[in-house]
Amino acid sequence: MMQKIISLALACACAMSQAAFAQTTTELASTEPVIKANHDYWALDGLSARMHKATAVTLYLTDPAMLPLRAMDEDRLKQAGCEYTTEDAALIAKLVEAVDSAGLRHATFSPQFEPREAIYLSLSGGGQIRLLLEKPYSEQAALLGRVDDQPVTGNKGLVEALYQWAANVRRVGKCEHFVGKYRG
């Protein structure tokens, strides 16, 4: 009798493992982001409040038409992109407002994430919030991103808002052809 119970338990465990494996495989194969619970990432984790304490911002942008020869990662983004930095409180507030308006949400998506924009917010009292964003693809419903290595989705308009924001900071020659059109 005991051996029958053990065999039955092992059969159930194997069946559950196969189901869990199939679900995980399906999620990883999906290129479309899957939005988890309908809660705001910034509000939930207190990131919005922390972000409002930023004393400096560094933004990296890459040319939206650029097709990298190799997979883009954070280091390559910093090398190929244009750096915009400020400690101006009014400009920081505008960037924070743009990110707040993007409706970032917890998500899961393919691990083949390639950042094309990066925001680094230096916080008063130390610490940093790091937001990496992928290029907004027309076939995707949302913009993919990572906040301190946590996957998120948001409104695709955030990338254009970053271009508009960068137009208020000093010019960077190699990005002026797409940022310059937002200068007033």
Are [X] and [Y] side-chain neighbours, meaning at least one heavy-atom pair lies under 4.5 Å?
X	Y	value
Q140	E134	yes
T153	L144	yes
V172	V179	no

Whether over 12 other heavy atoms sit under 6.0 Å from K94 NZ: no
E97 CD: over 12 foreign heavy atoms closer than 6.0 Å: no
Residue pairs fulfilling salt bridge (charged side-chain N to carboxylate O under 4.0 Å, His left out) with at least one residue in residues 156-173, sequence neighbours excluded: R171-E176
Pairs involving residues 144-184, ordered by first then second residue, that meet disulfide (SG to SG under 2.5 Å) (sequence neighbours left out): C82-C175
Pairs meeting criterion disulfide (SG to SG under 2.5 Å) with involvement of residues 141-171, two or more places apart: none
I need the minimum non-hydrogen distance between [X] and [Y], along with the two atoms involved.
X	Y	result
T62	G81	CG2-CA, 3.9 Å
D73	R76	OD1-N, 2.8 Å
N168	R183	N-NH1, 4.3 Å
V152	R146	CG2-N, 4.0 Å
L158	A98	CD1-O, 3.6 Å
M51	V99	SD-CG1, 3.8 Å

Distance check, rounded to the nearest 0.5 Å: [X] atom [atom1] versus [Y] atom [atom2]?
X	Y	atom1	atom2	answer
L95	L131	CG	CG	9.0 Å
Q164	K181	CD	NZ	10.0 Å
M66	L61	CE	CG	11.5 Å
R50	I129	CZ	CD1	4.5 Å
L121	I92	CG	CD1	8.0 Å
L133	L162	CG	CG	6.5 Å

Using the test side chain to side chain donor-acceptor pair (under 3.5 Å), find all partners of [X] that sit at least two apart in sequence or belong to another chain.
X	result
Y84	none
S101	none
E114	none

Only counting residues at least two apart or in another chain, list the ones meeting side-chain contact (heavy atoms from CB on, under 4.5 Å) with [X].
X	answer
A56	E87, S122
A118	Y60, L77, Y120, L132
S124	K53, T55

K78 (side chain) donor-acceptor with E83 (main chain) under 3.5 angstrom: no
Results of salt bridge (Lys or Arg N to Asp or Glu O under 4.0 Å) for D149 - residues two or more places apart only: R130
Pairs where residues 154-184 contributes a residue and the test ring pair (Phe, Tyr, Trp, His ring centres under 6.0 Å) is met, not counting sequence neighbours: Y163-F178
